[in-house]
Every structure is written in C-alpha cells, then in structure tokens.
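Below: one structure, written as structure tokens.
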Amino acid sequence: MKSEITISELAKLMNVSVHQIRYFEEKGILQPAYVDRNQYRMYGMDQVYRLAHILLLRKLGVPVQSIKECITSYSADQLGQLLHRSLLEIDTELLRLQELRQFMNKILQKQPNVSPQSEHYRVKRRDTAYLTRWMEMESGSKLNARGLVERAGLVPDLFESDIHCIEDGSGTLTLYLETQAPGDYSLPEGEYLAVLRLIHEEDELEQAIEQFYDYAAAQSFALIGPLILIERSYLSLFTPDKLHYELQALIEPDEHSGKGARP
DNA sequence: CTTCTGACA
DNA sequence: TGTCAGCA
C-alpha cells in the first residue's frame with residue numbers, strides 16, 4: 001500500500017472539502033506529491049503540513065491569493081506581525097459579539113412586556129440616566145426620512161437604542177440617546193409612573209399622552225418634571241406596523257411611594 | 001466506487 | 001463554496 005493518500009482522504013483528514021483542495025492547487029499554493037497514472041492526485045506528509053499551514057493562514061483572514069508569498073517568502077518577523085494583527089482583529093470581533101449579545105439580552109428582557117396585556121400603568125424605579133442630545137424638532141412636526149438624513153446627527157445603531165423624547169415646554173421636542181457618562185441632560189433617580197403603548201397611527205400617541213395625564217390625575221400622582229417618551233423601535237420587530245413607546249414621568253417622592261396602582 | 005475537469009449559481 | 005454532469 002502506498003504511503004500517499006488520495007484527495008478525499010486528505011479532505012477528511014483535514015476537515016475540508018475536496019473541492020477546496022483542488023482550488024488551492026489551482027491557485028498554486030498546494031501541489032500534490034505526484035499524480036498517479038489514473039490522474040488521481042496523491043498527497044504525502046509534506047502536503048499535509050502544507051495544507052495545515054494554508055488553513056491556519058486562512059483562519060487568520062489571509063486571502064488565498066496572498067498565501068503563496070506568505071508561505072514561501074515571509075520572514076519570521078513578518079509572520080509575527082501578521083499574527084499580531086489578527087490577534088487585534090479577534091479582539092475587536094470579540095467586542096462586537098459581546099455588544100451584540102448584550103443587545104439580544106436587552107430585547108429578550110423587554111419582549112415579555114410586549115405581547116400579553118402589556119399596556120398597563122405601573123410605577124417603576126429608575127436609576128439616574130444620562131442623556132445626550134441627538135436632534136431637536138418642533139412639537140407638531142412629524143419626522144420623515146429626509147428629516148432624519150438632513151437634521152439628525154448620524155448615530156451608529158440608532159434604531160437599536162432607546163430614543164428619549166422630551167418636550168421642554170417651549171414647544172421644542174428634543175430627542176436624546178442614553179449614554180454611560182453624563183451628557184446634556186440627566187434623568188434623576190426615583191419612582192416613575194410608566195406605561196407601554198403600541199402605536200400604529202400618529203394621533204394614537206397624543207391620545208396616549210392625554211390618557212397618561214388623566215390617569216395620573218385620577219390616581220393623585222404628583223408628576224414632576226417633563227413627560228418622557230421612549231421609543232424602542234427594535235421591539236417593533238415582533239409587532240410589524242406598530243411602534244413601541246413607553247411613557248414615563250417622575251413622581252413626587254412623597255405619598256404613593258409604596259406599591260404601584262392598577263388601572 | 002472514486003476521481004477529474006469544467007461549468008454554474 | 002457547493003453542486004452537477006459526463007467521463008475514465
């Protein structure tokens with residue numbers, strides 16, 4: 001029995017496809033030990049090691065075209081730089097995945113609130129939140145796509161964030177994004193009256209706001225500070241054609257501090 | 001049965 | 001990158 005192996009054996013050994021091995025040959029980076037009379041490619045240990053190197057470089061993101069020079073004429077120093085570079089790339093990818101994971105957790109924590117009978121009032125505790133101004137608009141005006149492009153600062157992952165809309169009395173609606181560090185505006189820690197609403201038409205939102213104040217009055221909640229309107233557009237993934245809003249307002253930390261009220 | 005080549009999405 | 005045909 002020959003010491004060399006066939007292409008399918010090599011493929012199984014290295015956990016790659018036969019096609020891929022031929023592709024490497026076509027690109028001139030992996031030649032068979034020899035070609036048998038029946039035109040079969042045959043591979044020995046040299047090719048096994050060589051293929052292992054190729055696969056490793058590929059894992060590091062080295063394009064197949066560059067692998068040839070990489071193996072043949074690269075100094076140990078150049079290779080060290082290459083490894084160092086891909087280590088940095090791995091770190092950034094790791095960071096990206098961690099952030100993605102956090103976001104998925106955030107959705108899963110809020111999603112149970114969505115479907116059942118979510119639209120009920122409750123009192124919830126909020127820690128201090130720091131907001132950074134993103135854009136401003138007149139209270140009556142509607143936000144369209146063009147307005148987004150022209151007037152709003154570009155924010156990566158905008159629609160994965162909780163957009164806080166706050167009306168500051170003077171007829172200006174300011175949209176904020178939540179940030180880690182203190183920014184343009186701070187929401188004090190405390191008890192907030194809150195309600196979730198699913199909105200599919202513009203005027204429903206205004207109704208919801210009126211109902212919010214009516215409810216607060218009926219329950220004798222003393223609301224201080226502005227109404228905070230939080231849009232979580234990423235939750236609309238579960239309910240097409242509906243936007244998810246949470247209405248909140250700080251409650252005077254006096255009476256009503258204990259249990260929340262029910263509608 | 002396995003592989004090869006070439007072509008295609 | 002996988003898949004398929006047609007051939008040896």
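Order of the sequence lines fixes the chain letters, A, B, ..., with proteins taken first and strands second; residue numbering starts at 1 for each chain.
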(request) Specify the separation, in whole Å, of atom CZ of A/R41 and atom P of C/dA8. (result) 17 Å
(message) Closer than 3.5 angstrom, by distance alone: can the side chain of A/S66 be matched with the main-chain N or O of A/V62 as a donor-acceptor pair?
(response) no
(request) Starting from C1' on B/dT3, measure out to CG on A/D36 and report it in whole angstrom. (result) 11 Å
(message) What is the distance, to the nearest angstrom, from the NZ atom on A/K2 to the P atom on B/dT3?
(response) 12 Å
(request) Write down the distance between CD1 (A/I21) and P (B/dT2), rounded to a whole number of angstrom. (result) 16 Å
(message) Once hydrogens and angles are ignored, does a donor-acceptor distance under 3.5 Å link the base of C/dT1 to the side chain of A/Y23?
(response) no
(message) If you assign each of A/Y40 and A/F24 to its closest nucleotide in DNA chain C, which residue comes earlier from the 5' end?
(response) A/F24
(message) It should be established whether A/T6 places a side-chain nitrogen or oxygen under 4.0 Å from OP1 or OP2 of nucleotide B/dT3.
(response) yes
(request) Please state how far atom OH in A/Y43 lies from atom C1' in B/dC4, giving the value in whole angstrom units. (result) 11 Å
(message) For B/dC4 and A/R37 - does any side-chain N or O of the residue sit under 4.0 Å from the phosphate oxygens OP1/OP2?
(response) no
(request) Could you walk me through whether A/E231 and A/Y245 pass the side-chain hydrogen bond (donor to acceptor under 3.5 Å, both in side chains) test, one step at a time? (result) CA-CA 5 Å; A/E231 181 187 315; A/Y245 286 97; 3.1 Å; yes
(request) Once you apply the 3.5 Å cut-off to both distances, tell me the Watson-Crick or G-U wobble partner of C/dC7, or none. (result) none
(message) In this structure, how many angstroms lie between the P atom of C/dC7 and the CG atom of A/N38, rounded?
(response) 19 Å
(request) Tell me, with the steps shown, if A/Y234 and A/F103 meet ring-ring contact (aromatic ring centres under 6.0 Å, His included). (result) CA-CA 10 Å; A/Y234 52 89; A/F103 179 55; 5.3 Å; yes
(request) Whole angstrom is fine here: how far is it from OH in A/Y34 over to P in B/dT3? (result) 14 Å
(message) Under the criterion side-chain hydrogen bond (donor to acceptor under 3.5 Å, both in side chains), I'd like the reasoning laid out for A/Q109 against A/Q111: C-alpha separation, chi angles, the key distance, then a yes or no.
(response) CA-CA 6 Å; A/Q109 281 178 10; A/Q111 198 236 338; over 6 Å; no
(request) May I ask you to evaluate whether A/S17 reaches the phosphate of C/dT1, defined as a side-chain N or O under 4.0 Å from OP1 or OP2? (result) no
(message) If you only use heavy atoms from C-beta on, which nucleotide in C/dG2, C/dT1, B/dT2 is closest to the side chain of A/S8?
(response) B/dT2
(request) Using the closest heavy atom to pick a nucleotide of DNA chain B for each, name whichever of A/Q39 or A/H19 lands nearer the 5' end. (result) A/Q39
(request) Please state whether the phosphate of C/dT3, meaning OP1 or OP2, lies under 4.0 angstrom from any side-chain nitrogen or oxygen of A/R22. (result) no
(request) Mark yes when over 12 heavy atoms from residues, nucleotides or ligands other than A/K124 sit less than 6.0 Å from its NZ; otherwise mark no. (result) yes
(request) Using atom NZ of A/K27 as one end and atom P of C/dT1 as the other, report the distance to the nearest whole Å. (result) 11 Å
